[in-house]
Amino acid sequence: MVADHGTCLVVDPAVTAREVDALAAAIRDRGWTPVAVWSTHAHWDHVLDGPGLAHLPRWAAAAPATDRETLAAERDTDPELAASGERPAPIAAAATPFPRRTATVLDWAGPTVHVLTHTAHARPHTALVLPEAGVLLAGDMLSDVEVPLLDLAAADPVGDYLAALTLLESADARTVVPGHGHVGRGAEVGRRLDADRAYLAALTSGTDLADPRCALPWVAAAHAAQRATVRGQGAEG
């Protein structure tokens, strides 16, 4: 996220050490001045670091509840990362609550940024909206390669997710940038909202939905775990 004068905010740096180093090099080569790193939520793949970023403050909706040792253990047991053969990026220092111009507006030297905070996928999870550009940085939401990944420890994970989709829709964004997947523009923003709601409706009703995102083995495994948990919660109710 870059201001006209070159000040920039880095959001959810990449996963491997090579990727994070390349990101820092690209920022340096373009003459940009990063002021902070933003973590949309405190899952291990969103709190990573590298020599080119380590001097920067870390901002988030709130200080993370998970300690760095636990996050590092989760990183080191991730099968996809292990299969890549890449050296993982280090876990960053703990984030601090972001500076606020108002309760939901970031206080920084760049363009206006609205912070949307919700409890889908993680608690808390944020999305950043640039209203002047019509851009939504969605974190682990509105992906074209992942189905909605629920916080299965929540009392109502599907309800939390549906509420978050309504919140993100209210941004009326023309472009969505997910943490995993591809940038979506124009009608694709609405299509992803519809796809996620259709997935959650099928999950709740117990019906089968041919969602192409489940073609990835790890997404199919996550879907199976969510289906079992949601059906179990329905049986208890």
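These values consider heavy atoms only, across backbone and side chains, with no hydrogens, waters or symmetry-generated copies.
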Problem - Shared hydrophobic cluster, Trp44 / Leu53 (ILVMFWY, side-chain heavy atoms < 4.5 Å) - result: no
Problem - Criterion side chain to side chain contact (heavy atoms under 4.5 Å, CB included) on Leu71 and Glu74, from CA distance to verdict - result: CA-CA 5 Å; Leu71 292 168; Glu74 292 171 350; 3.8 Å; yes
Problem - Qualifying residue for side-chain contact (heavy atoms from CB on, under 4.5 Å) with Leu203, from Val147, Thr229, Val230, Leu209 - result: Val230
Exercise for the section: Flag the pair Thr16 / Arg87 as yes when at least one side-chain heavy-atom distance between them is below 4.5 Å, and no otherwise. Expected result: no
Completion exercise
Minimal heavy-atom distance between Leu200 and Pro148, with the atoms involved, is CD2-CB, 4.1 Å
Problem - Step-by-step side chain to side chain contact (heavy atoms under 4.5 Å, CB included) determination, Met141 to Thr40 - result: CA-CA 10 Å; Met141 306 279 290; Thr40 57; over 6 Å; no
Exercise for the section: Please name the pair of heavy atoms, one in Thr126 and one in Ser39, separated by the smallest distance, quoted to 0.1 Å. Expected result: OG1-O, 4.1 Å
Handout entry: Check: Gly139 main-chain N/O paired with Asp12 side-chain donor or acceptor under 3.5 Å
Key = no
Handout entry: Hphob cluster co-occupancy, Leu56 + Val47, side-chain heavy atoms under 4.5 angstrom
Key = no
Exercise for the section: Just jot down the ring pair (Phe, Tyr, Trp, His ring centres under 6.0 Å) partners of His43, sequence neighbours excluded, or say none. Expected result: His41, His121
Handout entry: Whether Thr33 side chain and Gly6 backbone form a donor-acceptor pair below 3.5 Å
Key = no
Exercise for the section: List the atom of Ala3, the atom of Ala109, and the distance in Å for their closest heavy-atom pair. Expected result: CB-O, 4.4 Å
Practice task
With the side chain counted from C-beta on, respond yes when Thr175 and Val189 share a heavy-atom pair under 4.5 Å apart, and no when they do not.
Solution key: no
Exercise for the section: Would you mind reporting whether Arg75 and Val15 have side-chain heavy atoms less than 4.5 Å apart? Expected result: no
Problem - Contact summary for Leu168 and Ala127, nearest pair of heavy atoms - result: CD2-CB, 3.6 Å
Handout entry: ILVMFWY network linking Val20 to Leu81, side-chain heavy atoms under 4.5 angstrom
Key = no
Problem - Non-neighbouring partners of Arg18 that pass salt bridge (charged side-chain N to carboxylate O under 4.0 Å, His left out), sequence neighbours left out - result: Glu86
Problem - Backbone N/O of Val219 and side chain of Arg213: donor-acceptor pair under 3.5 Å - result: no
Practice task
Could you pull out the closest heavy-atom pair between Gly181 and Asp144, with the gap in Å?
Solution key: CA-OD1, 3.3 Å
Problem - His180 and Asp45 side chains, donor-acceptor separation under 3.5 Å - result: yes
Practice task
Can you tell me which residue pairs pass the salt bridge (charged side-chain N to carboxylate O under 4.0 Å, His left out) test with a partner in residues 119-134, sequence neighbours excluded?
Solution key: Arg123-Asp151
Problem - NZ/NE/NH1/NH2 to OD/OE distance under 4.0 Å, Glu188 and Arg185 - result: no
Handout entry: Asp4, CG: over 12 other non-hydrogen atoms inside 6.0 angstrom
Key = no
Problem - Exercise: identify the closest heavy-atom pair between His125 and Ala138 - result: CE1-O, 3.4 Å
Completion exercise
Output for pair (Glu146 CD, Trp218 CH2), nearest 0.5 Å, gives 3.5 Å
Problem - Under 3.5 Å: donor-acceptor pair, side chain of Arg192, backbone of Ser143 - result: no
Exercise for the section: List for me each residue that meets salt bridge (charged side-chain N to carboxylate O under 4.0 Å, His left out) alongside Asp140, sequence neighbours excluded, and say none if there are none. Expected result: none
Exercise for the section: Mind checking the OG1-CZ spacing from Thr204 to Arg231? Nearest 0.5 Å is all I need. Expected result: 11.0 Å
Practice task
Answer yes when Arg58 and Asp49 have at least one side-chain N-carboxylate O distance shorter than 4.0 Å, and no when they do not.
Solution key: yes
Please report, to 0.1 Å, the donor-acceptor pairs under 3.5 Å made by any side chain of residues 153-167, with sequence neighbours excluded.
from, atom 1, to, atom 2, distance (Å)
Asp156, OD1, Gly159, N, 3.0
Thr166, OG1, Leu162, O, 3.2

Fill in the blank from the handout: Joining Ile, Leu, Val, Met, Phe, Trp and Tyr whenever any side-chain heavy atoms lie under 4.5 Å apart, the cluster holding Val35 also takes in Met1, Leu9, Val11, Trp38, Trp59, Phe98, Leu106, Trp108, Val113, Val115, Leu128, Leu130, Val135, Leu137, Val177, Val183
Handout entry: Under 3.5 Å: donor-acceptor pair, side chain of Gln226, backbone of Leu150
Key = yes
Problem - same_hphob_cluster(Val129, Val105) at 4.5 Å side-chain heavy-atom cutoff - result: no
